[in-house]
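Remember, predicted model here, so these are calculated numbers, not experimental data.
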Amino acid sequence: QTVGNRKFMQKFIRFILLAQIIFIAGCFDKKIEDTPEMRKSLAMKICDITFSSGYFDAIRTQAINGSMDLIASEMRNEIGRELTQSEYKKVSEAFATAFDETAPKHVWIIPMAELYEKYFDSNELNEILKFYNTEVGKKTLRTSGIMVSEGAQVGEKLMKSKEKEIGERFQKELAKQ
């Protein structure tokens, strides 16, 4: 029985070691083939995820607000005065409607996916997708719209606080030319 037990234990240990090797090998990510089709597929999945997370809404808001600054300035020049709050709201709503009708979310997905395809290979795109499926990745997606929006506000405040200094330095640089 001792010899039988010993042989059984040896086989059992070999089995455990083999199972561990197979398990460890399965834990390492296997490289996927980097083809244009694979890039396109993965990039589209990333865009579907990111555009459904509120990120597009933040981009839309920024585009509308940024455009409204230009539109209001042009209208001020045309009518010779600032728009009233009521007028500004009507113009903003009209522009938002025009934006939504001519540049809805779905028309952004393919061009954005093409950017992902251009700058990332299939394995990198796969890693991005894996990240978005983690808790931190999901939080990143949930907060990305807010981060873009609030980041723009931070940038605007910073630029306003540095406006005079930037203007002075700009004048000095122009004088050097």
Side-chain angles (χ1 to χ4, degrees), residues 36 38-122 124-177:
M38 182 59 73
R39 282 187 187 198
K40 182 176 188 125
S41 173
L42 293 168
M44 289 297 290
K45 287 177 185 177
I46 289 169
C47 287
D48 286 341
I49 291 170
T50 56
F51 276 63
S52 65
S53 68
Y55 182 72
F56 177 77
D57 296 332
I59 292 172
R60 176 191 173 274
T61 299
Q62 275 191 286
I64 291 170
N65 291 345
S67 297
M68 278 306 299
D69 290 343
L70 296 171
I71 292 168
S73 176
E74 287 293 319
M75 292 185 84
R76 179 182 58 238
N77 293 338
E78 284 182 31
I79 63 175
R81 63 174 174 78
E82 294 289 333
L83 295 174
T84 65
Q85 282 184 331
S86 175
E87 291 170 330
Y88 187 92
K89 183 178 178 186
K90 285 180 185 177
V91 171
S92 180
E93 288 171 355
F95 183 76
T97 299
F99 181 92
D100 291 342
E101 289 175 358
T102 57
K105 187 186 299 188
H106 72 271
V107 302
W108 292 79
I109 291 177
I110 290 174
M112 291 302 294
E114 289 170 351
L115 287 176
Y116 277 103
E117 291 172 56
K118 181 178 177 180
Y119 293 107
F120 296 94
D121 68 29
S122 297
E124 292 166 333
L125 293 169
N126 196 41
E127 289 299 316
I128 292 169
L129 279 173
K130 285 182 188 178
F131 171 70
Y132 283 156
N133 285 311
T134 67
E135 289 306 311
V136 173
K138 290 174 185 173
K139 184 174 184 177
T140 299
L141 289 170
R142 282 192 312 270
T143 60
S144 62
I146 295 165
M147 297 289 287
V148 167
S149 180
E150 290 184 16
Q153 291 172 5
V154 167
E156 189 176 316
K157 286 178 185 174
L158 179 63
M159 293 307 292
K160 282 187 181 194
S161 73
K162 300 286 187 180
E163 190 172 28
K164 183 179 177 185
E165 183 181 349
I166 291 170
E168 290 169 358
R169 287 189 177 230
F170 178 60
Q171 290 300 321
K172 286 180 185 176
E173 289 300 315
L174 277 179
K176 290 179 185 178
Q177 303 294 326

Distance col, row Ser41:OG vs Glu117:CD, nearest 0.5 angstrom, shows 9.5 Å
Examine distances only and state if a side-chain atom of Glu124 and a backbone atom of Asp121 form a donor-acceptor pair shorter than 3.5 Å. yes
For Glu127 and Lys130: C-alpha separation, side-chain torsions, deciding distance, then whether side chain to side chain contact (heavy atoms under 4.5 Å, CB included) applies. CA-CA 5 Å; Glu127 289 299 316; Lys130 285 182 188 178; 3.6 Å; yes
So do Thr140 and Phe131 actually touch side chain to side chain, heavy atoms under 4.5 Å? yes
Pair up each side-chain donor or acceptor in residues 152-161 with any protein partner under 3.5 Å, not counting sequence neighbours, and list the distances.
{"residue": "Ser161", "atom": "OG", "partner": "Leu158", "partner atom": "O", "Å": "2.8"}

So side-chain hydrogen bond (donor to acceptor under 3.5 Å, both in side chains) across residues 89-103, not counting sequence neighbours, yields Arg60-Asp100
Mind telling me whether Trp108 and Phe99 have parallel, tilted or perpendicular rings, with 30° and 60° as the class edges? tilted
Closest heavy-atom contact between Ala113 and Cys47? N-SG, 3.4 Å
Between the CG atom in Leu141 and the OH atom in Tyr132, the distance rounded to the nearest 0.5 Å is 5.5 Å
With sequence neighbours left out, write down each residue that passes side-chain contact (heavy atoms from CB on, under 4.5 Å) with Thr61, or none if nothing qualifies. Asn65
May I ask you to decide if Gly137's main-chain N or O and Thr134's side chain share a donor-acceptor pair within less than 3.5 Å? yes
Contacts under 3.5 angstrom, residues 66-86 side chains, donor-acceptor by atom type, not counting sequence neighbours:
{"residue": "Ser67", "atom": "OG", "partner": "Ala63", "partner atom": "O", "Å": "2.8"}
{"residue": "Ser73", "atom": "OG", "partner": "Arg76", "partner atom": "NH2", "Å": "3.2"}
{"residue": "Arg76", "atom": "NH1", "partner": "Glu82", "partner atom": "OE2", "Å": "3.1"}
{"residue": "Asn77", "atom": "ND2", "partner": "Ser73", "partner atom": "O", "Å": "3.4"}
{"residue": "Arg81", "atom": "NH1", "partner": "Glu87", "partner atom": "OE1", "Å": "2.9"}
{"residue": "Arg81", "atom": "NH2", "partner": "Glu87", "partner atom": "OE2", "Å": "2.8"}
{"residue": "Thr84", "atom": "OG1", "partner": "Glu87", "partner atom": "N", "Å": "3.0"}
{"residue": "Thr84", "atom": "OG1", "partner": "Glu87", "partner atom": "OE1", "Å": "3.4"}

Salt bridge (charged side-chain N to carboxylate O under 4.0 Å, His left out) contacts touching residues 143-155 (sequence neighbours left out): none
Not counting sequence neighbours, which residues clear salt bridge (Lys or Arg N to Asp or Glu O under 4.0 Å) with Lys176? List them please. Glu173
Let me see the working for Leu42 and Ile128 under side chain to side chain contact (heavy atoms under 4.5 Å, CB included), right down to the final yes or no. CA-CA 9 Å; Leu42 293 168; Ile128 292 169; over 6 Å; no
Roughly how far apart are Leu115 CG and Met112 CE, rounded to 0.5 Å? 5.5 Å
Counting neighbours of CD1 on Ile166 that are heavy atoms of other residues, nucleotides or ligands and sit closer than 6.0 Å, is the number greater than 12? yes
If you round to the nearest 0.5 Å, how far is CE of Met44 from CD of Glu114? 9.0 Å
